[in-house]
Student: 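Sending over a structure as structure tokens; questions will come in a sec.
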Amino acid sequence: MPQPIEVRKVPILSVTDASGMAELIEKDVFRADDVIAVIGKTEGNGGVNDYTRILADHAFRGVLIEKGTRSKDDVAQIPLAWSGGTDGILSPHATIFAHVPEDAAPKSAEPRLSVGFAMSEQIRPEDIGRVAMVKKVADGVKLAMERAGITDPKDVHYVQTKTPLLVLDTINDAKSRGKSVFTEETGYSMDVSNGTAALGIAVALGEIEMPTDEQIMKDLSLYSSVASCSSGVELDRAQIVVAGNVRGIGGRYRIGHSVMEDALDFKGVWRAIRNAGLEDLPEDRVDPALLRGRLVNVFLKCEADPSGHVRGRRNIMLDDSDVHWHRAIKAAVGGVAAAVTGDPAIFVSVAAVHQGPSGGGPVIAIVDLA
């Protein structure tokens, strides 16, 4: 049975800081043993060799071990999805999801936030960018939905995944077994892993039919509107967090989503916040002051438009040899979204192929209705 959820955002004050979560545990906001997922932004380069993700992972798991009763092996199974790179004004932070006792949460028959998680089957190097990975992610999403108590895919508003990418060792491993890989460019494999995971989400939620190998990273009309996919070197399977709304579960929080049609679509962020339950906000006026502390966080995916244009104006992100487009678009969209929320501690991640419309991306919002 799903349980009510407590969700809080805390700052990360240094590369190995997890004091924000420790303080919440000490104040009995939730117990260490009830933490079920963490989704956060770290301050590294966001690339293949961004080890700030591993440092944050170690710090947060250390707090859960120190302040809880779960074993090290049990804590290792908790999904901690770290997205590296806080370019521009983005600020390092973590959003923590925890179960709370039913008698400690407000009662409500209205839809309230529920979260489920799962780990997929092992994703081999040769699976990345191919239907084999799509199927494994889709199976994991369905399991996470079941654990969240969500039966209707339309009630799912956010799926965060963390999947493996390719490095020289895993490429060589595949070759040693007579297998080929989608790409031998390790940096590009991040985009490929993200995009393949997104198609798995879209299949699981009925947004698309099962694609072919030839459509992956090619047919940009195929996408999920709720997928937020990251990849890294720290795992060999898909770590999956599904968040949606369930009636009768109780609690203070509700989740919703929309999409940014392009990098300047600030109204897409506002639409997601209204969709999450703040329907008293005006449709035609965006003002952070109207949020009045009711927004917990927003989660966005973005990418440089493959056409090299935004609203008819040319940009050089995809041609820039000094700054990779990942960093440029993250900073740009981070600034746009932070202007809407009034808070630069927001989750903005890149490599959004198959995640929202091409050149744009999904926006997910969690609000506090208490």
Side-chain angles (χ1 to χ4, degrees), residues 9-22 25 32 35-68 70-87 90-97 117-120 122-125 128 133 137 140 160-173 185-194 196-197 228-241 299 301 324 326-327 330 345 347-351:
K9 180 170 66 177
V10 299
I12 297 178
L13 303 177
S14 66
V15 179
T16 57
D17 174 54
S19 62
M21 182 171 72
I25 294 169
V35 172
I36 57 172
V38 178
I39 298 171
K41 290 294 298 183
T42 66
E43 61 200 77
N45 60 26
V48 174
N49 65 330
D50 182 354
Y51 299 112
T52 64
R53 296 184 297 239
I54 296 175
L55 293 170
D57 194 270
H58 180 76
F60 275 72
R61 292 190 196 277
V63 168
L64 294 177
I65 293 169
E66 176 189 350
K67 297 189 175 297
R70 288 183 286 195
S71 69
K72 184 176 181 180
D73 287 343
D74 287 340
V75 169
Q77 297 304 308
I78 300 170
L80 272 59
W82 299 106
S83 172
T86 46
D87 302 272
L90 293 174
S91 183
H93 68 282
T95 304
I96 304 159
F97 299 82
F117 63 92
M119 299 289 279
S120 76
Q122 182 182 10
I123 295 173
R124 296 186 177 276
I128 296 172
M133 179 175 171
V137 171
Q160 177 69 53
T161 63
K162 189 75 176 186
T163 52
L165 47 73
L166 294 169
V167 294
L168 186 58
D169 283 348
T170 55
I171 292 170
N172 288 337
D173 170 64
E185 185 180 335
T186 57
Y188 177 56
S189 76
M190 178 182 297
D191 299 39
V192 175
S193 183
N194 291 359
T196 313
S228 176
C229 305
S230 294
S231 50
V233 298
E234 59 266 39
L235 69 174
D236 65 355
R237 58 196 67 221
Q239 197 171 248
I240 300 164
V241 180
F299 306 82
K301 290 295 294 189
H324 194 279
H326 279 193
R327 311 199 72 167
K330 192 189 310 175
F347 186 95
V348 181
S349 177
V350 293

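Heads up: numbering here begins at 1 and tracks the sequence.
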Student: Search all heavy atoms of E43 against all heavy atoms of T86 and return the closest pair with its distance.
Tutor: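 Looks like CA-OG1, 3.6 Å.
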Student: Quick one: does F117's side chain get under 4.5 Å of Q239's, heavy atoms only?
Tutor: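 They are not in contact (no side-chain heavy atoms under 4.5 Å apart), so the answer is no.
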Student: Does the side chain of T16 come within less than 4.5 Å of F60's, by heavy atoms?
Tutor: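 They are not in contact (no side-chain heavy atoms under 4.5 Å apart), so the answer is no.
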Student: Search all heavy atoms of I128 against all heavy atoms of T196 and return the closest pair with its distance.
Tutor: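 Closest approach of I128 to T196, heavy atoms only: C-OG1, 4.5 Å.
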Student: For N194 and S231, work out which heavy atoms get closest and say how close.
Tutor: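 Looks like OD1-OG, 3.0 Å.
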Student: For I78, run the side chain to side chain contact (heavy atoms under 4.5 Å, CB included) check against L64, V38, I36 and tell me which one passes.
Tutor: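 Testing I78 for a side chain to side chain contact (heavy atoms under 4.5 Å, CB included) against L64, V38, I36 leaves exactly one candidate, L64.
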Student: Nearest 0.5 Å, what's the CD1-CG distance between I39 and L80?
Tutor: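 Reported to 0.5 Å precision, the distance equals 9.5 Å.
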Student: Consider only side-chain N and O atoms of S349 and K301, and report whether a donor and an acceptor are under 3.5 Å apart.
Tutor: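 Yes, side-chain donor-acceptor contact under 3.5 Å.
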Student: Please enumerate all residues that pass ring-ring contact (aromatic ring centres under 6.0 Å, His included) together with F97, with sequence neighbours excluded.
Tutor: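 F97: no ring-ring contact (aromatic ring centres under 6.0 Å, His included) contacts found.
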Student: Check D87 against R327 and note the closest heavy-atom contact, atom names and distance.
Tutor: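 That closest heavy-atom pairing would be OD1-NE, 2.7 Å.
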Student: Please determine, by modelled atom types, if S71 and D73 share a side-chain donor-acceptor pair under 3.5 angstrom.
Tutor: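 Short answer, no.
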Student: Under the criterion side chain to side chain contact (heavy atoms under 4.5 Å, CB included), which of D50, I54, N49 is the partner of V233?
Tutor: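 That would be I54.
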Student: Please tell me if the side chains of L165 and T186 come closer than 4.5 Å, counting only heavy atoms from C-beta onward.
Tutor: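 Answer no - side chains too far apart.
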Student: Tell me, do I96 and V10 make a side-chain contact under 4.5 Å, heavy atoms counted?
Tutor: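 Yes, side chains in contact.
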Student: Give, for atom CG of D74 and atom CZ of R61, the distance between the pair rounded to the nearest 0.5 Å.
Tutor: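 Here the rounded value is 11.5 Å.
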Student: State, with a plain yes or no, whether a side-chain heavy atom of V48 is found less than 4.5 Å away from one of V167.
Tutor: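 Yes, their side chains come closer than 4.5 Å.
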Student: Are V35 and R70 close enough that some pair of their side-chain heavy atoms sits under 4.5 Å apart?
Tutor: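 Yes, at least one pair of side-chain atoms sits under 4.5 Å.
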Student: I'd like to check the side chain to side chain donor-acceptor pair (under 3.5 Å) partners of H93; sequence neighbours left out, ordered by chain and number.
Tutor: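 So H93 forms a side chain to side chain donor-acceptor pair (under 3.5 Å) with N297.
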Student: May I ask you to test the H326-M190 pair for a side-chain heavy-atom distance under 4.5 Å?
Tutor: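 Side chain of H326 against side chain of M190, heavy atoms only: contact under 4.5 Å found.
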Student: Indicate the atoms forming the closest heavy-atom contact of S228 with F347, along with that distance.
Tutor: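 Where S228 meets F347 most closely, the heavy atoms are OG-CE2, 3.7 Å.
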Student: Within the distance-only criterion (no hydrogens, no angle test), does the side chain of T52 pair as donor or acceptor with the backbone N or O of G44 below 3.5 angstrom?
Tutor: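 Flag set: sc T52 to bb G44 pair under 3.5 Å.
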Student: So, the side chain of D17 versus the backbone of I12: is there a donor-acceptor pair under 3.5 Å, distance only?
Tutor: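 No: the side chain of D17 does not pair with the backbone of I12.
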Student: Might you point out which heavy atoms bring V137 and A238 nearest each other, and give the distance in Å?
Tutor: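 Heavy-atom minimum between the residues: CG2-CB, 4.0 Å.
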Student: Would you tell me whether T170 and D173 have side-chain atoms, one donor and one acceptor, within less than 3.5 Å of each other?
Tutor: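 T170 vs D173: no donor-acceptor pair found between side chains.
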Student: Do V15 and T42 come within less than 4.5 Å of each other through their side chains, counting heavy atoms only?
Tutor: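 SC-SC contact between V15 and T42 ruled out.
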Student: Would you compute the distance between atom CD of Q77 and atom NZ of K72 and round it to the nearest 0.5 angstrom?
Tutor: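 Q77 CD to K72 NZ: 13.0 Å, rounded to 0.5 Å.
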Student: Is a side-chain donor or acceptor of K330 paired with a backbone partner of V348 at a separation under 3.5 angstrom?
Tutor: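 Not confirmed, K330 side chain does not pair with V348 backbone.
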Student: Between K41 and S83, does any side-chain donor sit less than 3.5 Å from a side-chain acceptor?
Tutor: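 Distance-only check passes for K41 and S83.
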Student: Could D57 and R53 be called an ion pair, given the rule that one side-chain N must be under 4.0 Å from one carboxylate O?
Tutor: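 Judged by the 4.0 Å cut-off on N to carboxylate O distance, D57 and R53 do not form a salt bridge.
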Student: The criterion is salt bridge (charged side-chain N to carboxylate O under 4.0 Å, His left out); which residues satisfy it with R237, sequence neighbours excluded?
Tutor: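 Salt bridge (charged side-chain N to carboxylate O under 4.0 Å, His left out) list for R237, sorted by chain: empty.
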